[in-house]
> 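The structure that follows is given in the form of structure tokens.
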Amino acid sequence: MPLIELKNLEKHYDGQVVLERLNVSVDEGEFVSIVGASGCGKTTFLKMLLGTESPSKGELLLAGKPLAKEPDANRGVVFQRYSVFPHLTVLGNVMLGEEFSESRWLGKVFGRRRAAIRERARNMLSQVGLLAAQDKYPHQLSGGMQQRLALAQALIKQPRILLLDEPFGALDPGIRAEMHTLISELWTRHQLTIFMITHDLKEGFSLGSRLWVFDKVRHDPHAPDAFGASITYDIPLERSPAGSPAAGPAPLVNRAA
Ligand SMILES: Nc1ncnc2c1ncn2[C@@H]1O[C@H](COP(=O)(O)OP(=O)(O)OP(=O)(O)O)[C@@H](O)[C@H]1O
């Protein structure tokens with residue numbers, strides 16, 4: 001069974017059709033790169049997967065069941081601009097989500113439970129190469145380090161699906177290349193299913209196991225909002241899904257420069 005299935009999915013905003021005729025399925029472990037013109041609905045699509053926007057028509061299924069109407073632990077997200085608490089250290093920021101999950105009202109846990117969360121957070125920071133910066137505050141981090149922190153925050157909740165909205169768009173080419181290697185490692189290590197929006201076609205081709213192009217097929221010059229974008233190209237790429245026997249170790253994708 002596919003992990004994600006879209007059946008005649010549509011999204012409208014106040015009479016404006018943004019997305020239409022989305023019919024596609026995605027297996028566990030795939031890395032879907034998404035490209036398309038500005039304003040064509042890529043972020044809206046990601047928000048539907050996250051659960052902060054709901055479909056206007058059609059079905060969006062996770063493992064055969066309608067997707068939860070609110071974000072949950074199945075899905076982690078990283079945006080281009082990172083969102084962290086400025087008064088908490090790097091370690092504190094990664095621990096926070098877990099502390100809230102375990103103690104919804106106080107957001108604080110103590111003793112052995114706290115020590116276990118701390119160890120998990122440190123382990124996650126080590127995986128994203130940020131352990132040495134655990135006591136720093138967000139304003140003391142470079143752009144690349146901030147995105148590493150955002151990845152650690154998303155992954156500590158052990159999501160099955162990772163949603164990336166231009167996560168490397170604001171980074172210099174050298175740092176981008178490092179992040180490409182990192183995301184490939186995390187993809188295979190955690191056997192994630194990834195949806196990543198990018199404006200960099202080369203990045204989309206080199207990182208994904210599949211590339212989608214969002215575009216409008218139907219146009220009415222007298223009613224520009226009448227039709228939305230759909231997936232006009234769905235291109236299989238050479239990389240095998242994470243977790244498949246053919247996947248093997250993550251290839252190096254330092255090709256951004
Ligand atoms: N909450 C909203 N209310 C009304 N219209 C919206 C809302 N969110 C998005 N839109 C509209 O939906 C369309 C698609 O926006 P979206 O941000 O998904 O595009 P995008 O492809 O991600 O663009 P970009 O590449 O520039 O980030 C735009 O016309 C936008 O104005």
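Numbering of ligands and ligand atoms starts at 1, following listing order. Along the sequence shown, residues are numbered consecutively beginning with 1.
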> Under the side-chain hydrogen bond (donor to acceptor under 3.5 Å, both in side chains) test, which residues partner K11, sequence neighbours left out?
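K11 satisfies side-chain hydrogen bond (donor to acceptor under 3.5 Å, both in side chains) with E53 once adjacent residues are dropped.
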> Does a donor on one side chain and an acceptor on the other come within less than 3.5 Å for E119 and N123?
no
> Using a 4.0 angstrom limit on heavy atoms, which residues are close to ligand 1?
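Residues near ligand 1: Y13, Q16, V18, A37, S38, G39, C40, G41, K42, T43, T44, H199.
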> Does anything in residues 16-37 form a ring-ring contact (aromatic ring centres under 6.0 Å, His included)? List the pairs, not counting sequence neighbours.
F31-W187
> Do D165 and T43 have a side chain donor and acceptor closer than 3.5 Å?
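Yes, side-chain donor-acceptor contact under 3.5 Å.
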> Which pairs, with at least one residue in residues 228-238 and sequence neighbours excluded, count as a side-chain hydrogen bond (donor to acceptor under 3.5 Å, both in side chains)?
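Sorted result for residues 228-238: R210-D234, W212-D234.
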> Classify the angle between the aromatic ring planes of F45 and F214 as parallel (below 30°), tilted (30 to 60°) or perpendicular (above 60°).
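If you compare the ring of F45 with that of F214, the planes turn out tilted.
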